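Encoded as structure tokens, the structure appears first; notes follow it.
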Amino acid sequence: MEQIFVEKTASRGIAAAKVYKYQDPDLRPSLAGITAEQAESETERFLKARQQMIVRLQNMEDDSGILAAHIEVAKDRMLEEGVILRIREEQKNAELAVWETIDEIAGIFAGMDDPYMKEREADVRDIGKRIMAELKGVALPDLGEVSTEVIVAAADLYPSDTVKLNPKLIKGIITEKGGLTSHVSILAKSMNIPALIGVTDILSKLENGMMVCMDAEKGMIVIDPDDEVLSAFRVKQEAYLRERHRLEQLRSQPAVTRDGKRISLCANVGSVEDIENALEMNVDGVGLFRTEYLYMGSSHFPTEEEQFQVYARAARLCPKELTIRTLDIGGDKKLDYFPFDQEENPFLGWRAIRISLDMKEMFKEQLRAILRASAFGHVRIMFPLIISLEELREAREMVAVCQRELEQEGEAFDREIPVGMMMETPASVLMAEEFAAEADFFSIGTNDLTQYLLAVDRGNKRIANRFDYFHPAVLRAIRHIIAAGHKAGIQVGMCGEMAGDPRAVLLLLEMGLDEFSMSAGSVDYVREQILSYGGQKEGGETEEKKIEGNGDGKDCAS
Ligand code: PEP
Ligand code: MG
């Protein structure tokens, strides 16, 4: 028995079944060159293989549109011309010519800034794999042939593989590669198949038919479990499925407490695709768009226009609310194309708003892109890691400068765009009243707030048990922020992990939190808590009193 912990959960759930190792045959080309006379027959071979592949795809059932899109890619002139050129001019055989051309086109997609376009690399490689299999005359493994319940383990699953996933038989997916916006992630999520991705070297640890348990709630895999672990998993799995079904029935209800308060229930996202997924959970909008993923997925600082395209798409998708946080790099988030100095304490170093205020031209490009996108929806701007009024004022002044520029250029934007701040530093807590007078909204970032208040590194596994947002100091800070925000009449939300923790919801509602923003997978659980809250105070001690009872009974900043 071996236990493995995994970081990337693409789709939640619990499963226990035998492993089906899904491995491609060796499709690498031989490096043999051809003579000029063979060029015509090699070209014919390529065209025939491509046609056979298209017919094969046409004969496969597919409601998702993935295969139709693949057929278009296969017919693309860039592919055809690239292969034929390599055969005729470079005298490469059909296999090598296809291999190199696919690699070149896939590389172009991989280098694109838009994370969605980046993931299209997989579609191109998928086509390449299928043409190679036709050329070599070998059969590809076929998930459609699975006839018993299994957990599929693969290096990666290509889009055309996932079309054949039968959720009744495929109980779980584990892959070594794949991103959270890849087809496999999106499909697994939409079919409710638990999926763990990016699990290094998992194939070398598994044999076909071996029993595996996966908990894609906690991010855990147990290989070859003993009987006790297995039956515990089965019980957990049953309970999980019943619970999911029950929660899904609540999804259509707006997040209103029993005593009638409408709570904003929002998603934390890192891309437009994340927004599309979150909208399926019936969220009210986006409470945190982590724009750093746009920067981290690029080979250069994304231009105003590149960012505008993404933010405008996002704004159109979220008519009620799209809160875009300005760049939050530094700390543990670095960029490949920009050197960061070695720092003794990166989380206390040059990060977030500090970088934006020091690199004003870059900051302006982002602000202008956000402002232009605000013409398409209810966009809000949010600054990370603010510690002083000077920072907030300087950042707001940058917004005003960009607004004046856009005005002169005749560009459309929302003149009343709300500008708020993350409450995630001890300084912001202790000065919450002053900040509330100058910010349009607050959003509490419990990840950093907990780390800074408790002096516990959020990424250090060794002290993870000390990272506790239920610590009285953190709870008092939260209560203080909410009270200060409300006194000034501004909305107070939360976008740290605590907002998605069902155990915290009633407590936060009791403190008056207006908005909960979390990853899409937590929305159903939090909605249920919100719907159950209210009208239960009589005779009972409120949560607020309980917190006070934890210490000296005084508010930390009053
Ligand atoms: C936080 O600190 O709570 C937060 C939401 O921001 P991030 O996790 O991106 O630092
Ligand atoms: Mg933070």
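Being a predicted model, the structure only gives us computed values, none of them experimental. We count ligands from 1, going down the list as the structure has it; atoms in each ligand are counted the same way.
- In summary, the aromatic rings of Phe338 and Phe340 are positioned with their centroids under 6.0 Å apart.
- Protein residues having a heavy atom under 4.0 Å from any atom of ligand 1 are Leu288, Arg290, Arg325, Asp328, Lys333, Arg351, Met422, Glu424, Gly445, Thr446, Asn447, Asp448, Arg458, Cys495, Gly496, listed by chain and number.
- For Gln342, the CD atom counts as loosely surrounded, since its 6.0 Å shell holds 12 or fewer non-hydrogen atoms of other residues, nucleotides or ligands.
- Looking at Asp448, its N, O or S atom nearest to the Mg ion (ligand 2) turns out to be OD2.
- The Mg ion (ligand 2) has an N, O or S atom of Glu424 inside 2.8 Å of it.
- The local environment of NE2 in His378 is sparse, with at most 12 non-hydrogen atoms from other residues, nucleotides or ligands closer than 6.0 Å.
- No side-chain N or O of Glu176 forms a donor-acceptor pair with one of Thr200 less than 3.5 Å apart.
- A salt bridge between Arg262 and Asp284 is present, with a side-chain N of the basic residue lying under 4.0 Å from a carboxylate O of the acidic one.
- Using a 4.0 Å cut-off between charged nitrogen and carboxylate oxygen, Glu515 and Arg380 count as a salt-bridge pair.
- In this structure, Arg351 fails the cation-pi test against Phe347, since its NZ or CZ atom is not both closer than 6.0 Å to the six-membered ring centre and inside 45 degrees of the ring normal.
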